[in-house]
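Below: one structure, written as structure tokens.
Here, residue 1 is the first one in the sequence, and each next residue gets the next number.
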Amino acid sequence: MSQVKSGDTVSIHYTGTLTDGSTFDSSEGRDPLEFVVGSGQIIPGLDKAIPGMAVGDKKVVEIPCAEAYGESNPANRQSIPREQIPAEIPLAMGLTLQMQSPDGQHVMPVTVVEMTEEEVTLDANHALAGKDLTFAIELTSIKAS
């Protein structure tokens, strides 16, 4: 039976959970996730767990935040005057907005994390930054490179 090596295209079914046991993502009810092992298409900690697996293998992988979405960076939080947000946008805690990067080249998601009458604080960190993750995975296919 062949085993996965870097450069192979693989498919996995997965369920991702946080340390409190809550599920943040799952392929259940969807097609398996397909990616090239070692290409940087998925988080590093999960990418490192795949080589050596064979079709049908299952495992649970605990991934520290440094090998997932990194630490939460305080520099990615910014307070802006409330009047800079268009009045037709109903602001609420946890709301995700799309903002243009300072160079105008990229659109990035930001989350409303604090609000006062005068200011709104937006966080551009990934929603899973600073969190340790656990993935239950099953390898469903290997296409050798």
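Distance CE/M99 to CD/Q78: 7.0 Å, rounded to 0.5 Å. A distance of 11.5 Å separates NZ in K58 from OG1 in T140, rounded to the nearest 0.5 Å. With values rounded to the nearest 0.5 angstrom, I42 atom CD1 is found 4.5 Å from D47 atom CG. The distance from atom CG of L97 to atom OG1 of T111, rounded to the nearest 0.5 Å, is 8.0 Å. Remark: K59 NZ to M53 CE distance equals 5.5 Å, nearest 0.5 Å. Rounded to the nearest 0.5 angstrom, I63 CD1 and T134 OG1 are separated by 8.0 Å.
The neighbour count for E117 CD, taken as heavy atoms of other residues, nucleotides or ligands under 6.0 Å away, does not exceed 12.
Between I137 and L46 the shortest side-chain heavy-atom distance falls below 4.5 Å. Contact annotation: the side chain of P81 never approaches that of E119 to less than 4.5 Å [non-hydrogen atoms, C-beta and beyond]. You'll find the side chain of D8 stays beyond 4.5 Å of the side chain of F35, heavy atoms only. In this structure, V10 and I50 have side chains that are in contact, with non-hydrogen atoms separated by less than 4.5 Å. Residues M115 and M93 are in side-chain contact: their nearest non-hydrogen atoms beyond the backbone lie under 4.5 Å apart. Using a 4.5 Å cut-off on side-chain heavy atoms (C-beta onward), F24 and L128 make contact. Contact check for I12 versus S27: no side-chain heavy atoms found under the 4.5 Å cut-off. Taking 4.5 Å as the limit, every side-chain heavy atom of D123 sits out of range of all side-chain heavy atoms of V110.
Nearest heavy atoms, A49 versus V61: CB-CG2, 3.6 Å. Taking all atoms of both residues into account, the shortest heavy-atom contact from V36 to G7 is CG1-O, 3.6 Å. Scanning all heavy atoms of the two residues, the minimum distance from Q100 to G104 falls at NE2-O, 3.7 Å. When all heavy atoms of Q3 and G52 are compared, the pair lying nearest together is NE2-O, 3.2 Å. Closest non-hydrogen pair, R77 versus E114, comes out as NH2-OE2, 3.0 Å. The nearest pair of heavy atoms linking P44 to A68 is CD-O, 4.0 Å.
Salt bridge K131/D20: absent, no basic N to carboxylate O contact under 4.0 Å. A salt bridge links E67 with K48: the closest approach of a Lys/Arg side-chain nitrogen to an acidic carboxylate oxygen falls below 4.0 angstrom.
Under the 30°/60° scheme for interplanar angles, the aromatic rings of Y69 and H126 are found to lie parallel.
For the residue pair N76 and N125, a side-chain donor N or O sits within less than 3.5 Å of a side-chain acceptor on the partner. Looking only at atom types and distance, the side chain of T121 has a donor-acceptor partner in the side chain of S79 under 3.5 Å away.
In this structure, I80 is a member of the same hydrophobic cluster as I89, with clusters built from ILVMFWY side-chain heavy atoms closer than 4.5 Å. Residue V113 is not grouped with residue I85 when hydrophobic side chains (ILVMFWY) are merged at heavy-atom distances under 4.5 angstrom, including chains of intermediate members. In this structure, L139 is not a member of the same hydrophobic cluster as V60, with clusters built from ILVMFWY side-chain heavy atoms closer than 4.5 Å.
In terms of modelled atom types and a separation under 3.5 Å, the side chain of S26 and the main chain of E28 share a donor-acceptor contact.
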Steps toward salt bridge (charged side-chain N to carboxylate O under 4.0 Å, His left out) verdict (E34, K143): CA-CA 10 Å; E34 184 177 278; K143 295 177 197 161; 3.0 Å; yes
For V55 and V4, run side-chain contact (heavy atoms from CB on, under 4.5 Å): C-alpha distance rounded to whole Å, both residues' side-chain angles, the deciding distance at 0.1 Å, then the answer. CA-CA 9 Å; V55 172; V4 176; over 6 Å; no
Begin with the C-alpha distance, continue with both residues' side-chain angles, and end with the deciding distance and a verdict on side-chain contact (heavy atoms from CB on, under 4.5 Å) for L133 and T17. CA-CA 6 Å; L133 309 177; T17 56; over 6 Å; no
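The side chain to side chain donor-acceptor pair (under 3.5 Å) check on T116 picks up nothing, with sequence neighbours excluded.
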